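Contents: one structure, followed by commentary.
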Amino acid sequence: MRSIFITGGASGIGLAAARRFKREGWTVGIGDIDGIGMGRVADELGVFTAPLDVRDRAQWAAALDGFVAKAGKLDVLLNNAGIARYGMFEEVTPDESDLQVDINVKGVINGAYAALPYLKESRGRRLVNVASVAGIVGSPGLATYSATKHAVRGLTEALDAEWTRHGIDVTCVMPFFVETPILDAGSKGSNRTIRDAIGKSPVYTVEDAAEMIWRAVHGREREYIVGKAGRQASFARRFMPGRLRKRMKAAFAG
Ligand code: NAI
């Protein structure tokens, strides 16, 4: 039986992934900072849970030790936990920016360090990082968040090459907007949230995201975008950067 440990598995995309992999017969473990949410998931799915703040390396060691003691091995780590703060750059406080970097970047790096010894020993061997379409296109209103997700993409690309010698593939999932509580994120200096800024853009389901995570665990590509709008944004960034820049600047000119 294959095994996956999912960070941020108490809510949103991580929870949908936990449900999906459990349904497919995998041994699933989740780690989250939200103990109450994890309790609900444990009741629903009967999966292994571990208290985990991804910023805390000692908790990482304990969580993965505990999971491997139960599952026998770690085939896949899904580095999914992440937070956002919405607002113009100067509305988001430096502390709020630090927090995003600490969780979204350092938390993912901590996970890669903690999981490597276990992944080396398993046959499934994959690290999957959840970035964002904001990691492809610098996203106004989400400047620091966007920077953290670009970092996750860069880390993924570098580790995917480096860890070839360990037989480990490293892949990245990049969702467009997905209906989860993260869409209600604002910031101390702004009374707007991500949801207010979505406008006419589509919002995808957590099941769409879980399907892409499933593919990222099994497929041969390095990057998996959730949602057609995300693939269009990626195309525009690559082939029409001038037009995209003009459109983005026009939206924020006032
Ligand atoms: P969510 O807010 O529903 O779930 C995030 C989970 O991470 C929560 O259970 C939360 O308790 C946990 N978490 C937060 N800080 C943590 C920490 N320090 N240690 C451990 N767990 C922590 O949000 P969602 O949307 O499911 O987010 C999952 C990932 O998807 C994030 O990395 C996010 O940036 C990314 N993403 C989400 C998009 C969306 O529109 N929902 C779009 C693009 C990317």
Side-chain angles (χ1 to χ4, degrees), residues 5-20 29-42 49-60 62-64 77-86 96 98-111 114 128-137 139 141-142 144-153 155-156 172-186 193-198 201-210 212-213 216 223-227 229-231 233-234:
F5 188 84
I6 300 170
T7 67
S11 171
I13 293 171
L15 173 54
R19 287 183 175 135
R20 174 69 190 268
I30 63 171
D32 204 293
I33 203 171
D34 172 8
I36 295 170
M38 269 201 305
R40 278 197 297 269
V41 182
T49 61
L52 175 66
D53 181 336
V54 293
R55 293 168 292 177
D56 184 330
R57 288 197 275 264
Q59 281 193 0
W60 262 111
L64 293 188
L77 171 65
L78 178 63
N79 255 329
N80 163 77
I83 61 157
R85 293 291 180 266
Y86 181 82
E96 289 176 312
D98 279 352
L99 192 63
Q100 293 177 84
V101 172
D102 287 347
I103 294 173
N104 298 3
V105 183
K106 294 188 193 171
V108 167
I109 292 172
N110 286 340
V128 179
N129 297 320
V130 178
S132 169
V133 171
I136 302 172
V137 180
S139 308
L142 289 164
T144 299
Y145 175 81
S146 201
T148 67
K149 296 303 186 177
H150 276 73
V152 172
R153 266 185 87 207
L155 181 79
T156 303
C172 190
V173 175
M174 291 166 299
F176 196 73
F177 295 119
V178 174
E179 184 54 60
T180 76
I182 213 173
L183 298 184
D184 299 313
T193 64
I194 298 178
R195 199 179 289 284
D196 296 326
I198 288 176
S201 295
V203 177
Y204 297 93
T205 67
V206 288
E207 288 77 22
D208 294 331
M212 238 6 124
I213 289 168
E223 297 187 335
Y224 295 80
I225 297 175
V226 180
R231 287 187 285 280
S234 172

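For the single chain, residues carry numbers from 1 onward in sequence order. Every number for a ligand or one of its atoms is a count from 1 in the order of the listing. No experiment lies behind these values; they were computed from the predicted model shown.
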Taking the side chain as every heavy atom from C-beta outward, state whether Ile13 and Pro175 have any atom pair closer than 4.5 Å. yes
Contacting atoms of ligand 1, where contact means under 4.0 angstrom from a heavy atom of Ile103: 15 (N), 18 (N)
Only heavy atoms count here, so choose which of Ala10, Ser11, Gly111 is nearest to atom 4 (O) of ligand 1. Ser11
Identify the protein heavy atom lying closest to atom 27 (O) of ligand 1, giving its residue, its atom name and the separation to 0.1 Å. Ile182 CD1, 4.1 Å
Given that the side chain starts at C-beta and the backbone is N, CA, C, O, which of these parts of Glu179 lies under 4.0 Å from ligand 1, counting heavy atoms, or is it both or neither? neither
Honestly, for Val178 the part within reach of ligand 1 (heavy atoms, under 4.0 Å) is both
Contact check, Val130 vs ligand 1, heavy-atom distance below 4.0 Å: yes
Going by heavy atoms in the side chains, are Ile103 and Ile33 under 4.5 Å from each other? no
Polar-atom distance check: Val133 versus ligand 1, any N or O pair below 3.5 Å? no
Asn104: which of Val130, Ile83, Leu99 passes side chain to side chain contact (heavy atoms under 4.5 Å, CB included): Ile83
So, does Tyr204 sit close enough to ligand 1 that a heavy atom of it is under 4.0 Å from the ligand? no
Indicate yes or no: at least one non-hydrogen side-chain atom of Arg195 is less than 4.5 angstrom from one of Glu179. yes
Closer than 4.0 Å to some heavy atom of Phe176 - which atoms of ligand 1 meet that? 40 (O), 42 (C)
What's the shortest distance from atom 19 (N) of ligand 1 to any protein heavy atom, and which residue and atom give it? Val54 N, 3.0 Å
Atom 31 (C) of ligand 1 has as its nearest protein heavy atom Asn80 O, 3.2 Å
What are the atoms of ligand 1, with element, lying closer than 4.0 Å to any heavy atom of Asp53? 17 (C), 18 (N), 19 (N)
Just by modelled atom types, is the Asn80 backbone N or O under 3.5 Å from a matching donor or acceptor in the Thr7 side chain? yes
Quick one: CE on Met174 to CG on Asn129, what's the gap to the nearest 0.5 Å? 11.0 Å
Looking at Val137, is its backbone amide N or carbonyl O close enough to the side chain of Ser139 to form a donor-acceptor pair, meaning the two atoms are under 3.5 Å apart? yes
Under 4.0 Å from any heavy atom of Leu183, which atoms of ligand 1 are there? 40 (O)
Looking only at atom types and distance, does a side-chain atom of Asp32 sit under 3.5 Å from a main-chain N or O of Gly9, one as donor and one as acceptor? yes
Could you list the atoms of ligand 1 found under 4.0 angstrom from a heavy atom of Gly12? 3 (O), 26 (O)
Within the structure provided, determine whether Val226 and Phe176 are in side-chain contact (heavy-atom separation under 4.5 Å). no
Out of curiosity, is Lys149 lining ligand 1, as in a heavy atom under 4.0 Å away? yes
Could you find the nearest protein heavy atom to atom 9 (O) of ligand 1 and give me its residue, atom name and distance? Asp32 OD2, 2.7 Å
Please check: side-chain N/O of Ser234 versus main-chain N/O of Gly230, any donor-acceptor pairing under 3.5 Å? no
closest protein heavy atom to atom 24 (P) of ligand 1 is Thr180 OG1, 3.5 Å
Passing candidate, side chain to side chain contact (heavy atoms under 4.5 Å, CB included) with Leu155, options Asn79, Val105, Val108: Val108
Could you tell me whether Leu52 approaches ligand 1 through its side chain, its backbone, both or neither, with non-hydrogen atoms closer than 4.0 Å? backbone
Can any side-chain N or O of Trp60 pair as donor or acceptor with the backbone N or O of Val54 at less than 3.5 Å? yes
Give the atom numbers and elements of ligand 1 that come within less than 4.0 Å of a heavy atom of Phe177. 40 (O)
Quick one: nearest non-hydrogen protein atom to atom 33 (C) of ligand 1, plus distance? Tyr145 OH, 3.5 Å
For atom 44 (C) of ligand 1, state which one of Ala131, Gly82, Gly14 supplies the nearest heavy atom. Ala131
of all protein heavy atoms, closest to atom 37 (C) of ligand 1 is Ile13 CD1, 3.8 Å
Between Ile83 and ligand 1, which part of the residue brings a heavy atom under 4.0 Å of the ligand: side chain, backbone, both or neither? side chain
Do the non-hydrogen side-chain atoms of Leu15 and Val206 ever get within less than 4.5 Å of each other? no
Which residue is it: Val203, Val178, Asp196? I am looking for the one with a side chain to side chain contact (heavy atoms under 4.5 Å, CB included) to Leu183. Val203
Please confirm whether Pro181 comes under 4.0 Å of ligand 1, counting heavy atoms of the residue only. yes
Contact partition for Ile33 relative to ligand 1, non-hydrogen atoms under 4.0 Å: both
Judging by distance only, is a nitrogen or oxygen of Asp34 under 3.5 angstrom from one on ligand 1? no
Heavy atom of the protein closest to atom 7 (O) of ligand 1 (residue, atom name, distance): Gly8 CA, 3.4 Å
Would you say the side chain of Phe5 lies within less than 4.5 Å of the side chain of Leu52, judging by non-hydrogen atoms? yes
Counting only nitrogen or oxygen atoms and a 3.5 angstrom limit, does Gly9 reach ligand 1? no
So if I apply the side chain to side chain contact (heavy atoms under 4.5 Å, CB included) rule between Ile136 and each of Glu223, Arg153, His150, Lys149, which one comes out positive? Arg153
